[in-house]
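Have a look at the structure below before the remarks.
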Amino acid sequence: MAKQNVAEQFIDILVRAGVRRMYGVVGDSLNPVVDAIRRTGGIEWIQVRHEETAAFAAGAEAQITGSLAACAGSCGPGNLHLINGLYDAHRSMAPVLALASHIPSSEIGLGYFQETHPDRLFTECSHYSELISNPRQMPRVLQSAIQHAIGRGGVGVVSLPGDIASLPAPEQSAEQALVTARPTVRPGDGEIDKLVRLIDEADRVTLFCGSGTAGAHAEVMEFAGRVKAPIGHALRGKEWIQYDNS
């Protein structure tokens, strides 16, 4: 069996995390990754006209499916174009993994052609943004980015120099268990009992619902009917509460 390179290992981890498409524009520093997708089953490269479209498409897929989606941009202006779509995905709590391809690792910090620092640029629109500078880092950094994107709902960014992506992957690199679904969180019994008492003792009740009501439209409507409460919603709660609200 041929030895994997870092790009192939990267794509294998994405496939195991449930990613079925990666949106982007092919560029030189991304070539090892795009080639790895070409030779890997279960994942498809979706070529777009502009990287901004790639980020918005990944965010839309993540919101529609509830699963991790991915996008990519080449070094310099390529990955910079992702930023609008990543802000949108992050604020919408859509689980998106963004690959920001980077200039050759030996040239970082030396004013190389089209040099940027994507690991710094995306910190405000992500839960996690890190640079891979050694092949042994790759599995753990990528898995951390995936865990942040899925577990916290939002964007995880991995910056990967093209030359590092082409290097052989280490045979015994450390890997963590993959997080592929966001955990269910509920209030403690004491908090629920306190809320029940407040509702029972109140003369009038109004419900103000946010994105925490995702997937619970029927339950919220039934509860509102029982306590005869009108319902308001936060901006991010509109898609979960407003529809079919009689």
Exercise. Is a side-chain N or O of R20 found less than 3.5 angstrom from the main chain of V15, in a donor-acceptor match?
Worked result: yes
Exercise. Got a donor-acceptor contact below 3.5 angstrom from the Q147 side chain to the S144 backbone?
Worked result: no
For this session: May I ask you to say whether D35 pairs ionically with R39, meaning some side-chain N is under 4.0 Å from a carboxylate O?
Result: yes
Exercise. Heavy atoms, side chains only, cut-off 4.5 Å: are D163 and I103 in contact?
Worked result: no
Exercise. Do side-chain atoms of T213 reach the backbone of C209 as a donor and acceptor pair under 3.5 angstrom?
Worked result: no
Exercise. Taking C-beta and beyond as the side chain, do H127 and H90 meet within less than 4.5 Å on heavy atoms?
Worked result: yes
Exercise. Hey, mind stepping through R226 and E222 against salt bridge (Lys or Arg N to Asp or Glu O under 4.0 Å) and telling me if it holds?
Worked result: CA-CA 6 Å; R226 288 190 181 186; E222 182 181 358; 3.0 Å; yes
Problem set entry | Atom of G59, atom of A94 and distance for their closest heavy-atom approach | O-CB, 3.8 Å
Problem set entry | Partner residues of R204 under the salt bridge (Lys or Arg N to Asp or Glu O under 4.0 Å) criterion, sequence neighbours left out | none
Seminar exercise, completed: On a heavy-atom basis, the closest approach of M138 and I132 is CG-CD1, 3.5 Å
Exercise. Taking it one step at a time, do L86 and S126 satisfy side-chain contact (heavy atoms from CB on, under 4.5 Å)?
Worked result: CA-CA 8 Å; L86 294 186; S126 68; over 6 Å; no
Problem set entry | Salt bridge E61-R21, side-chain N to carboxylate O under 4.0 Å | yes
For this session: Could you tell me how the ring of H148 sits relative to the ring of Y128: parallel (under 30°), tilted (30 to 60°) or perpendicular (over 60°)?
Result: tilted
Problem set entry | Closest approach of M22 to F10 (non-hydrogen atoms, all atoms of both residues) | CE-CE2, 4.4 Å
Exercise. In the hydrophobic clustering that connects Ile, Leu, Val, Met, Phe, Trp and Tyr at side-chain heavy-atom distances below 4.5 Å, which members other than I192 occupy its cluster, ordered by chain and number?
Worked result: V196
Exercise. Are side-chain heavy atoms of V220 and L207 found at a separation under 4.5 Å?
Worked result: yes
Exercise. Taking the side chain as C-beta and beyond, is there a heavy-atom pair between E51 and V25 under 4.5 Å?
Worked result: yes
Exercise. Could you state the interatomic distance from OG1 (T40) to CD1 (I37), rounded to the nearest 0.5 Å?
Worked result: 7.5 Å
Exercise. Given Q242 and H233, is the side-chain contact (heavy atoms from CB on, under 4.5 Å) satisfied, shown in steps?
Worked result: CA-CA 8 Å; Q242 185 64 30; H233 60 76; 3.1 Å; yes
Exercise. Is the closest side-chain heavy-atom distance between R236 and M93 below 4.5 Å?
Worked result: yes
Exercise. Which pair of non-hydrogen atoms, one from A62 and one from P95, has the smallest distance, and what is that distance?
Worked result: CB-O, 3.4 Å
Seminar exercise, completed: The single option from S74, S29, S159 that satisfies side-chain hydrogen bond (donor to acceptor under 3.5 Å, both in side chains) with S101 is S29
Problem set entry | Side chain to side chain, L142 and L97, heavy atoms closer than 4.5 Å | yes
Exercise. Do any N or O atoms from the side chain of N5 and from the backbone of L167 form a donor-acceptor pair under 3.5 angstrom?
Worked result: no
For this session: For the pair H50 (side chain) and E52 (backbone), establish whether a donor and an acceptor sit closer than 3.5 Å, ignoring hydrogens and angles.
Result: yes
Exercise. What's the shortest heavy-atom distance between C71 and A54, and which atoms?
Worked result: CB-O, 3.7 Å
